[in-house]
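Contents: one structure, followed by commentary.
Quick note on labels: first sequence line is chain A, next is B, and so on, each numbered from 1.
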Amino acid sequence: MSQVTEVILKDGSVREFSGKVTALDVAREISGRLAKEVITARVNGKLYDINRPLPAKAELELLTFDDPEARDIYRHSTAHVMAQAVKELFPGTKLAIGPAIQDGFYYDFDMERPLSSEDLEKIEQRMQELVGQDIEFERMVMSRQEAVEMFRKLGEDYKIELIEQLPEEEEISCYRKGDFIDLCSGPHVGRSSRIRAFKLTSVAGAYWRGSEENAMLQRVYGTVFAKKSQLEEHLEMLEEAKKRDHRRLGKDLDLFSISEDAPGMPTLHPNGVVIWNELLKLWREEHDKDCYREIRTPLILDKRLWEQSGHWENFRENMYTTEVDEKTFCLKPMNCPGAMLYYQTNHYSYRDLPLRTAELGLVHRHELSGVLHGLLRVRAFTQDDAHIFMLPEQIGQEVGKVIDLVDRMYKVFGLEYRVELSTQPEKSMGTKEQWDNAIAALEKVLEEKQIPYKLNPGDGAFYGPKIDFHILDCLKRSWQCSTIQLDFQLPERFDLTYIGEDGQKHRPVTVHRVVYGAVERFMGILIEHFAGAFPTWLAPVQVKLLPIADRHHDYCHKLQHKLTEAGVRAVVDDRNEKVGYKIRQAQTEKVPYMLVAGDKEVEDGTVSLRTRGEGDKGSTDFAGFLEMIALEISQRSL
RNA sequence: GCCGACGUAGCUCAAUUGGCAGAGCAGCUGACUUGUAAUCAGCAGGCUAUCGGUUCAAGUCCGAUCGUCGGCUCCA
């Protein structure tokens, strides 16, 4: 009796096959092209190898590289080919893990000596050969014991550790490619020849399971695509991203520098300070609208205070200290204790709340040297902080107002963001009940505002849960900017009170929140976001006046004066150079507007306008230009 | 902090097996008086990150320190 397989395709059509049939067979039936491109199949809702026989009744969906799940399988299979190549080239290498990641994959290896970039080339070459051999990825299911024994024989200690930690009911599967066997839930791409355009990009150390306690492994990163053109496009994109790197642009545009003598503590140059001041101007305008009151608290405070706040216990390894008069003082890593001291200087009625105190506070945190990264990860930074003291029933309203403020301000820059909610970490203060209430309050606000968010269990601050706003940089790395953190602990520790309607003392709730996060980091993100071509309102120099010859200098200086009076940042390039040269420099400085003036313009009282983006715009009436640019600046147009 | 790579003029980069540290741009001086992305000529610019070692000789080789860069979250 021959077995019949009934296949239901995505469009609802039904096909019948006799005997063993695989997803690849079905794809071949449909079209030769699909057979070439199919990577994996969804069979009755489960992902299947395309060379795995289908069950008697199969609802089948064929997935190609365009599908995100198939893409990850493709990447993961490439990681396996790489592992095979490494094991062949470096016998004795132990395999750890090799997952798919954004744009590619990696594999961690435990090996005798570190890999060099020449090794990467060799590995890549060997991979090319393996792919060319067109070996089948063969799925093997085995018992837990069989698997452990097999990997013990192979000396794959990490695989044994992984198996032992898999849940009891989990099926143990391996994949064999020629002589190479790896533990893997699959599925894979069927045959190695399906893997086409790959490149190994870097090698780095990485700890087994990400913990410093464990062995340091060699991690090889790679990227892979279904088509060569896609790979090339991706590599070009990375090159492009490098040009946007804020560290490169910070130097080119003379915005900031970081001295070897102050690692992680940036020095802002005059151009950077212009941007800084504009950011703070916007910030103050928007905060005034929401009735924040700005305060300033000390940089250095007695250790006693940090013991009271709980920072000494929970944050000590990140704090700088100094001895003065036989007392220990700490350089503030956060602004909250200062804000608490301010609250304590007065008595409050429930009518005084919410009290919104804002502070642009410079904080220092001793981050590990290896994590420093331009302006994006620093040791000294200015938080655009605020502490809101409120009645417990005001939480929803106040957090909602902050969310609106963040959204309003990010829109000015055209930045997109993702929201995350983080809950109670292992190391934390307060009771489970307090935490649960706080988390519930935050969830409620997000849901009421219909904001999609990702849950980060255990990622909250030690004093309370938080809502984070993440912005992506040019390399799609995610950076936390705004954060809204509930805190039931500090009011307790500092014994903050207000007098309620009942005439009794009550405990206020505190929200810590930042919008930019760190002003330095936000600037770094903006530099990359705009690739240094800032919108006019942020541009360090908004207009450059370019006289053609010496006799036009006076005219240009007169116009510069008018621009400056109107609040426009304008400079005259009165060096003894040709206009082409001056234009070239203004362009590389990414100045939004250039005004060229020669005999004709002086005579007519006009200017010849050139914009950064569109080039020569021809003769323009100066008064009209002034009006236009003043409006553009005041509206903070993008 | 850990793993790896790197550190030469303000910037970008050269310098053969260890054999006199060099170029372009920027800067300064002068000439040219300039019309939409680089005018020409000249001058100056350095304790090769720091400290120590090997050597007749070190930018180059060895060791340490400091810093920078890429990773150290993605679970078979």
Side-chain angles (χ1 to χ4, degrees), chain A residues 72 75-76 79-80 83 95-102 104-108 113-117 119 147 151 156 158-166 170-175 182-186 188 201-221 245 247-248 251-252 254 257-264 317 366-374 456 459 475 477-478 546-553 575-589 594-601 608-612 615-619:
Chain A
D72 277 353
R75 288 169 180 153
H76 182 58
H80 270 237
L95 304 177
I97 57 165
I101 48 170
Q102 167 107 43
F105 58 89
Y106 69 75
Y107 213 116
D108 285 347
R113 69 170 179 89
L115 291 168
S116 66
S117 43
D119 293 329
F151 283 114
E156 295 289 5
Y158 297 98
K159 297 294 173 186
I160 295 169
E161 194 179 324
L162 289 170
I163 293 169
E164 279 166 356
Q165 282 171 20
L166 285 173
E170 188 85 10
E171 183 184 71
I172 307 284
S173 60
C174 291
Y175 278 78
D182 196 358
L183 178 71
C184 188
S185 63
H188 273 289
T201 47
S202 64
V203 55
Y207 299 106
W208 169 238
R209 292 179 174 266
S211 164
E212 304 176 24
E213 319 265 294
N214 293 335
M216 175 63 75
L217 307 172
Q218 294 289 309
R219 175 170 296 181
V220 179
Y221 285 88
D245 191 312
R247 291 166 299 185
R248 171 81 260 144
K251 212 178 246 181
D252 290 348
D254 199 17
S257 58
I258 300 174
S259 160
E260 281 193 13
D261 291 322
E317 61 268 29
H366 186 265
E367 303 286 353
L368 293 179
S369 61
V371 304
L372 301 179
H373 181 95
N456 274 341
D459 221 21
L475 287 175
R477 286 175 297 213
S478 154
L546 311 178
I548 295 212
D550 293 357
R551 60 182 178 279
H552 312 122
H553 285 188
R575 291 173 307 169
N576 181 8
E577 296 289 350
K578 292 192 168 180
V579 217
Y581 181 86
K582 294 178 184 180
I583 285 171
R584 183 186 153 77
Q585 186 165 342
Q587 284 288 154
T588 56
E589 287 166 2
M594 287 152 261
L595 301 180
V596 179
D599 290 336
K600 196 156 64 74
E601 287 75 16
S608 176
L609 175 64
R610 185 188 166 96
T611 70
R612 174 178 65 193
D616 190 1
K617 307 283 278 181
S619 177

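One donor-acceptor pair, N or O on each side, does fall under 3.5 Å between the base of B/rG1 and the side chain of A/Tyr207. In terms of polar N and O atoms assigned as donor or acceptor, the side chain of A/Gln585 never comes within less than 3.5 Å of the base of B/rA38 in a complementary pairing. Counting atom types as modelled, A/Glu601 pairs a side-chain N or O with a base atom of B/rG35 as donor and acceptor under 3.5 Å.
Across all strands, A/Arg551 comes closer than 4.0 Å only to sugar-phosphate atoms, never to a base (heavy-atom distances). Heavy atoms of A/Arg219 sit under 4.0 angstrom from primed sugar atoms or phosphate atoms, though from no base atom. Base contact: A/Glu577 has a heavy atom under 4.0 Å from a base atom. If you check every strand for non-hydrogen atoms under 4.0 Å, A/Gly580 touches sugar and phosphate atoms only. Residue contacts for A/Arg612: at a heavy-atom cut-off of 4.0 Å it reaches no nucleic acid atom on any strand shown. When heavy atoms are screened at a 4.0 angstrom cut-off, A/Arg575 is found touching the sugar-phosphate backbone but no base atom. In this structure, A/Ala100 reaches the sugar-phosphate backbone alone: every heavy-atom distance under 4.0 Å involves primed, P, OP1 or OP2 atoms, never a base. Base engagement by A/Glu171 is indicated by at least one non-hydrogen atom pair under 4.0 Å involving a base atom. Within the 4.0 angstrom heavy-atom criterion, base atoms lie near A/Gly370. Within 4.0 Å of A/Ser259, counting heavy atoms only, lies no atom of the nucleic acid at all. In this structure, A/Tyr221 reaches the sugar-phosphate backbone alone: every heavy-atom distance under 4.0 Å involves primed, P, OP1 or OP2 atoms, never a base. Base engagement by A/Asp599 is indicated by at least one non-hydrogen atom pair under 4.0 Å involving a base atom.
Nucleotides B/rU29 and B/rU65 have their C1' atoms positioned 43 Å apart, rounded to a whole Å. Separation of the P atoms belonging to B/rA21 and B/rU50 is 16 Å when rounded to the nearest angstrom. B/rA15 and B/rG7 have their P atoms separated by 11 Å, with the value rounded to a whole Å. Distance check on atom P: B/rA9 versus B/rA5 gives 22 Å, rounded to whole Å. Distance check on atom C1': B/rC40 versus B/rC13 gives 25 Å, rounded to whole Å. To the nearest whole angstrom, the two C1' atoms, one in B/rA37 and one in B/rU73, are 44 Å apart. Taking atom C1' in both B/rG10 and B/rC51, one finds a spacing of 26 Å when rounded to whole Å.
The pairing partner recorded for B/rG35 is none, the criterion being a Watson-Crick or G-U wobble arrangement whose two distances lie under 3.5 angstrom. Across all strands shown, B/rA44 forms no Watson-Crick or G-U wobble pair with both distances under 3.5 Å. In this structure, B/rC20 makes no Watson-Crick or G-U wobble pair, since no nucleotide meets both defining distances under 3.5 angstrom. B/rC74 makes up no base pair with any nucleotide shown, lacking Watson-Crick or G-U wobble contacts both under 3.5 Å. With a 3.5 Å ceiling on both atom-pair distances, B/rU55 lacks any Watson-Crick or G-U wobble partner. Pair check for B/rA5 finds B/rU68; Watson-Crick or G-U wobble, both atom distances under 3.5 Å. Using Watson-Crick or G-U wobble geometry with both donor-acceptor distances under 3.5 Å, B/rA26 finds no partner in any strand shown. Pairing for B/rA14 is absent, with no Watson-Crick or G-U wobble pair whose two atom distances lie under 3.5 Å.
Side chain of A/Arg248, nearest nucleotide from B/rU12, B/rC72, B/rU39: B/rU12. The side chain of A/Tyr581 approaches B/rG27 more closely than any other nucleotide in the set B/rG27, B/rG1, B/rG67. For A/Leu162, the side-chain atoms get nearest to B/rC75 when compared with the rest of B/rC75, B/rG35, B/rG70. You'll find that the side chain of A/Gln218 is closest to B/rC3, out of B/rC3, B/rU39, B/rC74. Minimum atom distance to the side chain of A/Arg247 is reached by B/rG70, of the listed B/rU39, B/rA76, B/rG70. The side chain of A/Glu260 lies closest to B/rG7 when the candidates are B/rU12, B/rA37, B/rG7. Nearest nucleotide to the A/Lys600 side chain, out of B/rG35, B/rG70, B/rC11: B/rG35. With B/rG35, B/rC11, B/rG70 as the candidates, the nucleotide lying closest to the side chain of A/Val579 is B/rG35. Here the nucleotide nearest the side chain of A/Leu166, chosen from B/rU39, B/rA76, B/rU33, is B/rA76. Nearest nucleotide to the A/Ile101 side chain, out of B/rC11, B/rC74, B/rA76: B/rC74.
The structure places OH of A/Tyr106 at 14.0 Å from CD of A/Gln218, a figure rounded to the nearest 0.5 Å.
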**OP:** Evaluate the criterion side chain to side chain contact (heavy atoms under 4.5 Å, CB included) for residue pair A/Tyr158 and A/Leu217; output intermediate values, then yes/no.
**Re:** CA-CA 11 Å; A/Tyr158 297 98; A/Leu217 307 172; 3.6 Å; yes
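Between A/Leu183 and A/Cys174, the shortest heavy-atom contact is CA-SG, 4.0 Å. When all heavy atoms of A/Glu601 and A/Gly598 are compared, the pair lying nearest together is OE1-N, 2.9 Å. In terms of heavy atoms, A/His552 sits closest to A/Asp599 at NE2-OD1, 2.6 Å. The shortest non-hydrogen separation linking A/Asp72 to A/Ala100 is O-CB, 3.4 Å. Heavy-atom minimum distance, A/His188 versus A/His76: CE1-CD2, 3.5 Å.
Taking the ring axis of A/Phe105 as reference, the NZ or CZ atom of A/Arg75 does not stay both within 45° of it and closer than 6.0 Å to the ring centre.
Separating the CG atom of A/Asp616 from the P atom of B/rG35 is a distance of 14 Å, rounded to the nearest angstrom. A/Asp261 has its CG atom 11 Å from the P atom of B/rU68, to the nearest Å. We find that CE of A/Met216 is positioned 9 Å from C1' of B/rG4, with the value rounded to whole Å. Atom-to-atom, CG of A/Asp252 to C1' of B/rA37 comes out at 16 Å; the value is rounded to the nearest Å. With rounding to whole Å, A/Glu156 atom CD is found 12 Å from B/rA76 atom C1'. Spacing between atom CZ of A/Arg584 and atom P of B/rA37 amounts to 10 Å, rounded to whole angstrom units. Atom-to-atom, CH2 of A/Trp208 to P of B/rG71 comes out at 22 Å; the value is rounded to the nearest Å. A straight line from CG of A/Leu372 to P of B/rG70 spans 11 Å, rounded to a whole angstrom.
In this structure, A/His373 reaches the B/rG70 phosphate: one of its side-chain N or O atoms is under 4.0 Å from OP1 or OP2. Dashed line: the shortest gap from a side-chain N or O of A/Lys251 to OP1 or OP2 of B/rU12 is under 4.0 Å. One finds a side-chain N or O of A/Ser369 lying less than 4.0 angstrom from the OP1 or OP2 phosphate oxygen of B/rG1.
Using a 4.0 Å cut-off between charged side-chain N and carboxylate O, A/Arg209 and A/Glu161 make a salt bridge.
Between A/His80 and A/Tyr107, the two ring planes are perpendicular [angle over 60°; tilted spans 30° to 60°].
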